[in-house]
Amino acid sequence: MLLEIEGLNSHYGRIHALKSASLTVREGELVALVGANGAGKTTLLRTLSGVHPASSGRITFDGCDITRMKASRRVAEGVVQVPEGRQLFGPQSVEDNLRLGAYRRGSGKPDDDIDRLYEMFPVLKVKRDQPAGTLSGGQQQIVALGRALMAKPRLLLLDEPSMGLAPLLVAEIFDAVQRLKREGTTILLVEQNAHAALAIADRGYVIETGEIVLSDSGAALLSNERVRQAYLGL
Amino acid sequence: MFAELLQYLLSGLTIGAIYALAGLGFSIIYNASHVINFAQGEFIMIGGMASATLTASGVPLPLAIMIGCGGAMLVGVLVAKFAVERARNASTVTLIIITIGASIFLRGIAELVWGKDFKRLDAFSGETPIQILGASMQPQSLWVVGTAGVLIVAIGLFFARTLTGKAILATSHNRLAAQLVGIDVKRVVLASFALSAALGAIGGAVVAPITFSYTEMGIMLGLKGFTAAVLGGLGHGPGAVAGGLIVGIAEALGAGYISSAYKDAVAFVIILAVLLFMPNGLFGKRGTERV
Ligand SMILES: Nc1ncnc2c1ncn2[C@@H]1O[C@H](COP(=O)(O)OP(=O)(O)OP(=O)(O)O)[C@@H](O)[C@H]1O
Ligand SMILES: [Mg+2]
């Protein structure tokens, strides 16, 4: 088990945003977490990355308890997040954003990895010297994804990578996610776009008002009556 | 006529270089932490006092400057850690009051250690004035301007070229994202205080032969540095440098053509004008709100 979350609770002041959530991700798996607006998906990822504190419960990553570990160390351990709304370093160039993605990897050759990313996403190469904030939404999402990949994630957390994108771009992002999975990256994908996420996921979890209410294989959730009504509009 | 103007410009440039360093210090800290650090002037004072008193007791000048610089960096880190970090979620005004408190505290300690009187530091390479087109310039002024120039260029390269510099900038642009790429944002804040302290202390040491050193020397220099930073647009490095030079030159011209009694008033007229008419300064885009 690469990631194991047990009974995780998290609060914003008195708002109980995550209620005893449990979830696991195995090495090489693509796991989807779906749920409506405000269900607590982002909170789960923020707590996983250590930028929001857990009130109680436990997060185990590759056998180590990381519940109280500093955010910066979790990145070094390989837990890397593409946050909601991309969160680029807007005034800095695309290439600087990518290099900063490799911030925790003191050694190694970021240059080779940047070249590989440019091959994978040619648009990054074209825009390399432009301030990241001037790119279109879809291009920014690719920069955000590329920046996370520069950290050599062992577990990639994606928070609504398709949000606000035109359908064509959504398809491109989901293609990229599938390609990463094929290449062996373990992924926890958070989406409001439940259909697309469950369709490519090995397993899925459904979260409602801070509680995980369902979990099953992606295919089983897609045909689950409750999921179809609540999230797929069928 | 011309010689007189040149004379004022040269003395304005000299003191402006110190304001520029102080202004840069304000901007670096503001960028990393959104704190307006009114203890910046105390870093200058520590540099000036340490180099003057250490050389007086026989320590070689370069070593004295290094010790002063190291001491100021340590003080900067302590201010960040024990005064600022603990009030992480406080409002801008509270944080300003905290840094003002820290500066009063540091002046008090300095007075206990060094006493209240003026300390003299010999000019680094003599006092034979250099004649330039009818104006005369102390060799120490060249030291001030040259040192400030080198430091400013070095800082520019640090932020533009090194990963650490880029990480500090990244933290100022987006704190959450900085954490998510693994930057330890608390350490960035500490580093920014240390860096600003070093700039201030070196500035204090090179300007000490001109201004003398005393425990209250940081008050005015700090306020002028703040004026420089606000004039250039708080958080905008090159703006702070330009702001420092503008304040220094305006002050020298005011003192020369109007009255030296109004020397300090010039900076305050500038800061009031900036705050009233262009709160984002000459180059800044953002407001001064803490985000
Ligand atoms: N910074 C915050 N302060 C206070 N409450 C918050 C904060 N962030 C989120 N919440 C609350 O916590 C709950 C969970 O929010 P969260 O952002 O995790 O939901 P989400 O599933 O990611 O929603 P969305 O699909 O809209 O991104 C919501 O009720 C939200 O209002
Ligand atoms: Mg969300």
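A, B, ... follow the sequence lines: proteins, then strands. Residue 1 opens every chain.
Within the model, atoms CG of B:L78 and CE of B:M73 stand 12.5 Å from one another, a figure rounded to the nearest 0.5 Å. Atom SG in B:C69 sits 11.5 Å away from atom CG in B:L74 (nearest 0.5 Å). A distance of 12.0 Å separates CZ in A:R26 from CG in A:L3, rounded to the nearest 0.5 Å. Rounding to the nearest 0.5 angstrom, the gap separating the NZ atom in B:K186 from the OG1 atom in B:T171 is 13.5 Å. For the atom pair CG of A:L188 and CG of A:L33, the computed distance is 6.0 Å after rounding to the nearest 0.5 Å.
Looking at A:K181, its side chain does come within 3.5 Å of a backbone N or O of A:G28 through a donor-acceptor pair. Using a distance-only test at 3.5 Å, with no hydrogens or angles considered, no donor-acceptor pair links the side chain of B:T99 to the main chain of B:N37. Side chain of A:S22 to backbone of A:G7: a donor-acceptor contact under 3.5 angstrom is found. Looking at B:S103, its side chain does come within 3.5 Å of a backbone N or O of B:I100 through a donor-acceptor pair.
Residues of residues 139-147 of chain A having a heavy atom under 4.5 Å from any heavy atom of chain B, listed by number: A:R147. Contacts of residues 111-129 of chain A with chain B at a heavy-atom distance below 4.5 Å are absent; not one residue qualifies. Listed in order of number, the residues of residues 80-95 of chain A that approach chain B to under 4.5 Å between heavy atoms are A:Q81, A:P83, A:Q87, A:L88, A:F89, A:P91, A:Q92. Contacts from residues 38-54 of chain A to chain B, taken as heavy-atom pairs separated by less than 4.5 Å, involve A:R46, A:S49, A:V51 in sequence order.
Classified by interplanar angle (parallel below 30°, tilted 30° to 60°, perpendicular above 60°), the ring pair B:F283/B:H236 is parallel.
Across all non-hydrogen atoms, the minimal contact from A:T134 to A:Q130 is OG1-OE1, 3.4 Å.
Between chain A and the residues B:A167, B:A178, B:A170, the largest count of heavy-atom pairs under 4.5 Å involves B:A170.
Atom CZ of B:R161 is surrounded by 12 or fewer heavy atoms from other residues, nucleotides or ligands within 6.0 Å.
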Exercise for the section: Report the C-alpha distance between A:E172 and A:L165 in whole Å, list the side-chain angles of each, state the deciding distance to 0.1 Å, and finish with yes or no for side-chain contact (heavy atoms from CB on, under 4.5 Å). Expected result: CA-CA 10 Å; A:E172 199 173 313; A:L165 299 186; over 6 Å; no
Exercise for the section: For side-chain contact (heavy atoms from CB on, under 4.5 Å), just list the numbers for B:V79 and B:F105, CA-CA rounded to whole Å, side-chain angles, deciding distance to a tenth of an Å, and then say yes or no. Expected result: CA-CA 11 Å; B:V79 168; B:F105 176 73; over 6 Å; no
Exercise for the section: Go through the steps to decide whether B:T164 and B:F158 satisfy the test side-chain contact (heavy atoms from CB on, under 4.5 Å), and finish with yes or no. Expected result: CA-CA 8 Å; B:T164 310; B:F158 171 69; 4.1 Å; yes
Handout entry: Residue pair B:F159, B:I28: steps toward the side-chain contact (heavy atoms from CB on, under 4.5 Å) verdict
Key = CA-CA 10 Å; B:F159 282 114; B:I28 291 170; 4.1 Å; yes
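With contacts defined as side-chain heavy-atom distances shorter than 4.5 Å, the pair B:Y19/B:L221 qualifies.
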